[in-house]
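Structure first, commentary second.
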Amino acid sequence: MTVRIATWNINSVTARLPKLLEWLESAKPDVLCLQELKCAADNFPYEEVRELGYETAAHGTGRWNGVAILSKLGLDDVVRGLPEQPGYLADDAMLPDVEPRAIGATCGPVRVWSVYVPNGREVDHAHYRYKLEWLETLRQAVLEDAAGARPFAVLGDFNIAPTDDDVFDPAAFVGMTHVTPVERAALAALQESGLQDVVPRPLKYDHPYTYWDYRQLAFPKNRGMRIDLTFGNKPFADAVTDSYVDREARKGKGTSDHAPVVVDLEL
DNA sequence: ATGTCAAGGTAGCCTTGA
């Protein structure tokens, strides 16, 4: 069977609902992993996407995080949050906040996680250490599925550009988060666990960037980064027939600052 | 100089986070 899976950091599912519905109708993914819902799970537009044939599992509290999985292939064994997921302890907080940044589900023949990896803010910031700890927890959480025979993938906004080729100006990023050797080592560790980086093709230009800052005309100038990634196990990666970044969805006003990434499989 | 955006609390702007 042919299966189309996609991931999209939508930057508010509420503000982007018309764009989301329009994109679902045109791209017709079987499974869509969303990040940055910026809406509480109770407020997710379940009915609107149901009318297009999707079941939804959402995990969110209404702030800047929140993740979901939409599926036309069923939605089983839903898990909200990673086992042992670390929380972030803000300066003014008493307790660490275990944020809604991961949700897993089985959609027909495929098991997926939709993840929104912490940004890290700045190297030496507590948020950066939190990011690394979070990635190690993710690696441990997916070990079994990564080594399994069932097609499996972790998709989402990793907030890491895997190589210098995935950044519009590597020199400008030296010493900044998203490109440090330590962050890239965390991705390498995922790969050593049996997950491959499924690199999409760009629809235009020669780099498959997935994110362009809203500021300074970054999108028209194609000053982007590839930080929305798909890490699939061997049964998943072997089944991939195509993958592309839908930069058309980044055009115009009222769009997310990220473009959807589409992965086609023949299972 | 961010050629920006969204949410939330609070009060018609400011702060936070990205």
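A note on names: the letters A, B, ... follow the listed sequences, proteins ahead of strands, and every chain is numbered from 1. Since the structure is predicted, the reported quantities are computational estimates derived from the model, not experimental observations.
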Residue met sooner reading DNA chain B from 5', once T61(A) and Q216(A) are mapped to nucleotides: Q216(A)
Interatomic distance where [atom1] belongs to [X] and [atom2] belongs to [N] [whole Å]:
X       : N      : atom1 : atom2 : result
R250(A) : dC5(B) : CZ    : C1'   : 10 Å
D213(A) : dT2(B) : CG    : C1'   : 8 Å
L217(A) : dC5(B) : CG    : C1'   : 15 Å
I10(A)  : dC5(B) : CD1   : C1'   : 14 Å
L37(A)  : dA7(B) : CG    : P     : 11 Å

side-chain hydrogen bond (donor to acceptor under 3.5 Å, both in side chains): pairs with one or both residues in residues 162-181 of chain A, sequence neighbours excluded: Y128(A)-T180(A), N159(A)-H178(A), T163(A)-D166(A), D164(A)-R184(A), D166(A)-R226(A), T180(A)-E183(A)
B/S/- contact track for nucleotides 9-18 of chain B, protein heavy atom under 4.0 Å: --------SB
Side-chain N,O (T14(A)) to OP1/OP2 (dA6(B)) below 4.0 Å: no
Taking the [atom1] atom of each, how far is [N] from [M], in whole Å?
N       : M       : atom1 : result
dT10(B) : dA6(B)  : P     : 22 Å
dG3(B)  : dA7(B)  : P     : 23 Å
dA1(B)  : dG17(B) : P     : 23 Å

F231(A) ring center within less than 6.0 Å of F158(A) ring center: yes
Side chain to side chain donor-acceptor pair (under 3.5 Å) between D228(A) and T210(A), intermediate numbers included: CA-CA 6 Å; D228(A) 299 273; T210(A) 65; 2.6 Å; yes
Flag, side chain of R139(A) to backbone of A189(A), donor-acceptor distance under 3.5 Å: no
Mutual orientation of the aromatic rings belonging to F44(A) and Y46(A) [parallel < 30°, tilted 30-60°, perpendicular > 60°]: tilted
D97(A): partners by side-chain contact (heavy atoms from CB on, under 4.5 Å), with sequence neighbours left out: E99(A)
